[in-house]
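Quick caveat, the model's predicted, so the values are computed rather than measured.
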Amino acid sequence: MNTTFELGNLKVIDLTKPLDPKTESRRCHLIRYNTGGPIPDFHTAMDLTSHLGTHCECPYHHDDNWPSVAELPLTTFMGRAIYVDFKDTLPHRKHISAADLDKATEGWVKEGDILIIDSSYKLAPFTPDTNTDKDQRLLVNGETAQWCVDHKIKCVGFGDGVSIENCNEDVKPFHDICMAENIVFLEVLKNLDKLTQDTFFMSYSPLPIYGLDSCPIRAYAIEGLAEFSR
């Protein structure tokens, strides 16, 4: 499957995990049927979990009183993204601290940015290897979340080098602190190694359905737009 494309002078990178109903471990069923009638054609009923593949989690995911997908402005789901790849600069299984993010961004981050974090300790999430000796990914917690709030980030995305299922003591504060400020999450992004720039335009729009907490999305980066660079 091709993941990078040329569009004039721009480079487009698909950051989405492709889905195959035959192999997905999460709920993903397609029911194809013929509508019949005077113009018979085919439709598909989709039976999907809201947290399938690469998906965008919205505040309603953690509190009934916080906005669902359709209650957030469209600009929540696009903008300037910065890619912070800690590679192997931090010890494995370390919580990403405010000091770590300060050092990595060095005044680079702006209000309303999308923060993408990753490392070299890669492991596909939500597998039997999660939280075993094979799992050396970096971790997030309440301190990581508070940094995002303080810097007015609007979205946090994760590569396979950061764990988002470590333990409730880390995961719940990270979600609650961020989502109380309408910061959305992107879990989990692919093909980040195809990026050639660390700052780019990004889009990941979910379906605008009221009462939906999360939605599978098609995430992509566009490199080369001057107003979405450092």
Side-chain angles (χ1 to χ4, degrees), residues 15-17 19 21 24-31 44-81 95-98 101 109 111-117 124-127 130-131 137-160 162-189 202-219:
L15 304 178
T16 316
K17 174 190 173 185
L19 298 171
E24 282 302 314
S25 59
R26 290 187 170 183
R27 189 167 183 160
C28 180
H29 306 294
L30 302 180
I31 302 109
T44 303
M46 298 183 293
D47 179 19
L48 313 173
T49 178
S50 60
H51 294 251
L52 178 67
T54 304
H55 57 278
C56 181
E57 295 183 355
C58 296
Y60 193 61
H61 176 40
H62 264 236
D63 193 295
D64 287 342
N65 298 307
W66 294 348
S68 64
V69 173
E71 295 166 297
L72 292 167
L74 181 60
T75 49
T76 301
F77 310 111
M78 65 180 73
R80 192 183 91 131
H95 289 89
I96 300 171
S97 69
L101 286 164
V109 65
E111 179 178 345
D113 274 351
I114 300 153
L115 175 68
I116 310 300
I117 49 178
F126 309 110
T127 68
T130 295
N131 296 329
R137 292 173 294 171
L138 299 182
L139 309 172
V140 294
N141 59 11
E143 181 180 348
T144 323
Q146 191 59 52
W147 186 94
C148 294
V149 170
D150 292 344
H151 289 77
K152 300 187 186 307
I153 296 297
K154 69 178 174 186
C155 172
V156 184
F158 307 91
D160 282 339
V162 176
S163 174
I164 45 179
E165 70 264 44
N166 176 42
C167 64
N168 191 54
E169 291 75 18
D170 286 343
V171 174
K172 189 176 190 320
F174 184 80
H175 281 70
D176 289 345
I177 292 169
C178 283
M179 289 187 169
E181 299 300 324
N182 291 344
I183 297 172
V184 300
F185 296 169
L186 289 174
E187 303 176 4
V188 172
L189 297 167
M202 188 173 181
S203 178
Y204 44 92
S205 301
L207 296 173
I209 301 176
Y210 289 102
L212 188 61
D213 72 300
S214 175
C215 186
I217 49 88
R218 188 75 177 263

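Between Ser25 and Phe126, the closest side-chain pair of non-hydrogen atoms is not below 4.5 Å. The shortest distance between side-chain heavy atoms of Ile117 and Phe158 falls below 4.5 Å.
For the side-chain contact (heavy atoms from CB on, under 4.5 Å) criterion with Pro216, the lone passing option out of Leu52, Thr54, Thr16 is Leu52.
A perpendicular orientation is assigned to the rings of Phe77 and Tyr204, their planes being inclined by more than 60° (bins at 30° and 60°). Ring-plane geometry between His175 and His62 is classed as parallel, the angle between the planes falling under 30 degrees on a 0 to 90 degree scale with a further cut at 60.
Expressed to the nearest 0.5 Å, how far NE2 of His95 lies from CG of Asn141 amounts to 4.5 Å.
The shortest heavy-atom contact between His29 and Leu48 is N-CD2, 4.1 Å. Here the closest heavy-atom approach between residue Val69 and residue Ser214 is recorded as CG2-N, 4.0 Å. For Ala145 against Pro173, the heavy-atom pair with the smallest separation is CB-O, 4.3 Å. Asn131 and Asn166 make their closest contact through ND2-O, 3.2 Å (heavy atoms, listed as atom of the first residue, atom of the second, distance).
A 6.0 Å sphere centred on CZ of Arg27 holds no more than 12 heavy atoms belonging to other residues, nucleotides or ligands.
Distance alone, capped at 3.5 Å, is enough to place a donor-acceptor pair between the His55 side chain and the Glu187 backbone.
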